[in-house]
Amino acid sequence: MVTGLSALRCTALVLAVSAFALAGFARADDPPQPRSETTAPAGQKGGRGGGAPGASQNSPSAEPHRLPPDSITKQTLDLPGRALNFAATAGSIRVFDGKGEPLADIAYTSYELDGADRATRPVTFLFNGGPGASSAWLQFGAAGPWRLPLDGEALSPSASPEVKPNAETWLDFTDLVFIDPVSTGYSRFVASGEDARKSFYSVDGDVNSIALVIRRWLEKHDRLTSPKYVAGESYGGIRGPKVVRQLQLQHGVGVRGLILVSPLLDFREFTGTSLLQYVATLPSYVAVAREAKGPVKRADLADVEAYARGEFLADLVKGEADKEATTRLADKVAELTGIDQAVSRRLAGRFDVGEFRREFDRKNGKVTGRYDGSVRGYDPYPDSGNSRFGDPSGDALQAPLTSAAVDVLTRKLNWRPDGSYEVLNGSVEGNWDFGRGINPPQSVSELQQILATDAKLNVLVAHGLFDLATPYFGTKRVLDQLPGFATRRVKFAVYPGGHMFYSRDGSRQALRGEVEALIRE
């Protein structure tokens, strides 16, 4: 999930974060742990389980609510033409600061196929974005052993949260580890001070903690020699390249492949008055309009992509001072999207996402989804002069997805933490430190660096046509700027669907095929 683009329109951001965030996890994994803890959360038994110097001072209220010991269960998944036997672990890894004092317990769910050679069996680490999203979206929507229907009639808060065996699970060709960053899922702070929150709720502090958890999991499960892959969704596009770079430089862990699902790689084109935001979104707007009349593939948008990077951009650059160019642009946008010409002229053909979502089907009192523009729902205040609507393609999923995650963890995997499961925690994004200055966060630099550093590393970038949160053409523009050595090892794929395009059967099957090809090559 990406939840913070609108906030970034109002505030200039930088990638740099405080020195505390950079140093907070420098030796977070170093406190000695008894070997018996390989199947239990770090720090819950023996020397560090709340007994570290200063621990009681830092976390008097958090310690009684620590996560329970890891639960390991044997599972069998019956699928068409095959059965998968695997071990499922629901547990956590404790993160310490440089002084050896506990900061947080990071929850994870891992699935490891029985009978595989641990030295050669691939393992993939998956996380979502937000910031503030748990990994439930990827786990129960795309890659995990069980899947929750996320589209069609199932797109409702009151839909059944019952999961089904996932025929498109990636477990056939890679073990899976789903990571919930702190304050998502059941992950939680152990330290109660404000400094701990600041250290995790920041661009670099977040990356440091995720990279650390990956290394700790590899050690804990004796998988350091396994081929390793990283997959991130949405804001995971910022996290993913940075986590791989951090693993390379700070943790001595090499990664074979990076999978980015509906990623955001560069906040700059979505901030302030950048004209590129309109170039990025136009093909997705038109895809939504054409989908209303019949199925659409990316190939059907070749004319729009050419217009967006050509005449459209040229007329945008001329500015509203050029009346002829502005009228030409506005009328063309109205023609392509079906939005009323008068509205398009009033907005000079420059529709931000919120304006498009309201105007596209306003005559019927409906708004489009942000995560999936092909989904429409009623505007709760159709006559209001202000836009006060939610997201019919995203809001409806939170209740069944939360219930499904809790049910799987407690009933199937026998892991029963106290407290609430946070599938999408808005307070994380609201308190996130993107930095202060003129350079918004981006991961393009790290993407180039990891491709330059490791000639064997390959990247898959996958998007949905109707995604208005992270439009595919914005990513395509970014990838087109990479040097030749990088573009040769980056596969770009676009499927029918929205941000969670994998909710569509055909798109989920196609994604699985691309991921399998990446891992098996």
Side-chain angles (χ1 to χ4, degrees), residues 33-42 44-45 66-94 105-127 134-136 138-148 161-180 185-187 213-214 216-229 231 401 403-418 421 512 515-516 519:
Q33 301 296 315
R35 189 61 184 168
S36 61
E37 292 182 14
T38 54
T39 57
Q44 289 203 4
K45 295 180 181 177
R66 66 172 57 183
L67 293 173
D70 294 9
S71 173
I72 303 175
T73 57
K74 290 294 185 179
Q75 304 284 340
T76 297
L77 193 69
D78 291 316
L79 299 170
R82 67 199 194 277
L84 300 179
N85 298 306
F86 59 97
T89 303
S92 64
I93 289 174
R94 176 157 290 191
D105 286 337
I106 307 298
Y108 70 87
T109 308
S110 64
Y111 303 103
E112 298 177 88
L113 195 68
D114 289 351
D117 181 354
R118 298 169 70 86
T120 60
R121 169 75 172 168
V123 57
T124 301
F125 297 89
L126 304 95
F127 42 79
S134 76
S135 61
L138 281 175
Q139 179 171 182
F140 301 112
W146 301 284
R147 186 176 68 85
L148 179 71
E162 182 180 1
V163 297
K164 307 290 185 181
N166 181 17
E168 288 76 48
T169 181
W170 301 359
L171 189 57
D172 292 86
F173 49 85
T174 177
D175 290 340
L176 302 166
V177 183
F178 296 91
I179 299 172
D180 293 332
Y186 282 122
S187 296
V213 167
I214 290 174
R216 288 292 307 282
W217 188 94
L218 291 167
E219 294 172 344
K220 185 175 179 179
H221 292 257
D222 297 323
R223 299 296 297 273
L224 279 169
T225 62
S226 299
K228 306 159 195 74
Y229 297 81
L401 189 58
S403 295
V406 172
D407 184 61
V408 168
L409 286 170
T410 58
R411 184 172 58 85
K412 287 184 179 294
L413 306 188
N414 195 32
W415 198 57
R416 292 178 168 79
D418 61 5
Y421 182 93
R512 182 189 187 275
V515 173
E516 182 175 11
I519 292 178

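On a predicted model such as this, the values are computed, not experimentally measured, just so you know. Excluded from the calculations below are hydrogen atoms, water molecules and symmetry mates; all remaining heavy atoms, backbone and side chain alike, are included.
Taking 4.5 Å as the limit, some side-chain heavy atom of Gln139 sits within range of a side-chain heavy atom of Tyr111. Residues Asp105 and Ile93 fail the side-chain proximity criterion, which asks for heavy atoms closer than 4.5 Å. Within the 4.5 Å cutoff, no side-chain heavy atoms of Trp415 are placed close to those of Thr89.
Scanning for side-chain contact (heavy atoms from CB on, under 4.5 Å) contacts around Glu162 gives Ser160, Lys164, with sequence neighbours left out. In this structure Thr73 satisfies the side-chain contact (heavy atoms from CB on, under 4.5 Å) test together with Ser71, Gln75, Ala88, Leu413, Asn414, sequence neighbours excluded. By the side-chain hydrogen bond (donor to acceptor under 3.5 Å, both in side chains) test, Trp217 is found to be paired with His221, residues two or more places apart in sequence or in another chain being considered. Under the ring pair (Phe, Tyr, Trp, His ring centres under 6.0 Å) criterion, Tyr229 pairs with no residue, sequence neighbours left out. Applying the side-chain hydrogen bond (donor to acceptor under 3.5 Å, both in side chains) criterion to Thr109, with sequence neighbours excluded, gives no partner residue. Judged as a salt bridge (Lys or Arg N to Asp or Glu O under 4.0 Å), and not counting sequence neighbours, the contacts of Glu112 are Arg118, Arg223. Applying the side-chain contact (heavy atoms from CB on, under 4.5 Å) rule to Pro161 yields the partners Ser403, Ala404; only residues at least two apart in sequence or on another chain are considered. In this view, Arg121 and Asp175 satisfy the salt bridge (Lys or Arg N to Asp or Glu O under 4.0 Å) rule, not counting sequence neighbours. Remark: Asp180 pairs with Ser135 by the side-chain hydrogen bond (donor to acceptor under 3.5 Å, both in side chains) rule, at least two apart or across chains. Qualifying side-chain hydrogen bond (donor to acceptor under 3.5 Å, both in side chains) partners for Asp172, counting only residues two or more places apart in sequence or in other chains: Arg82, Arg512.
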### Task
May I have the step-by-step check of salt bridge (charged side-chain N to carboxylate O under 4.0 Å, His left out) for Arg66 and Asp418, ending in yes or no?
CA-CA 8 Å; Arg66 66 172 57 183; Asp418 61 5; over 6 Å; no
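Pairing each heavy atom of Asp70 with each of Gly91, the nearest pair is OD1-CA, 3.2 Å. In plain terms, the two heavy atoms of Leu176 and Leu171 that are nearest each other are CD1-N, 4.1 Å. The two residues Ala119 and Pro227 have their closest heavy-atom pair at O-CD, 3.9 Å.
Between the Ser187 side chain and the Ala107 main chain, a donor and an acceptor come within less than 3.5 Å of each other.
In this structure, CG on Leu409 lies 10.5 Å from CZ on Arg416, to the nearest 0.5 angstrom. Taken from OG in Ser110 to CD1 in Ile72, the straight-line distance is 8.0 Å, to the nearest 0.5 Å.
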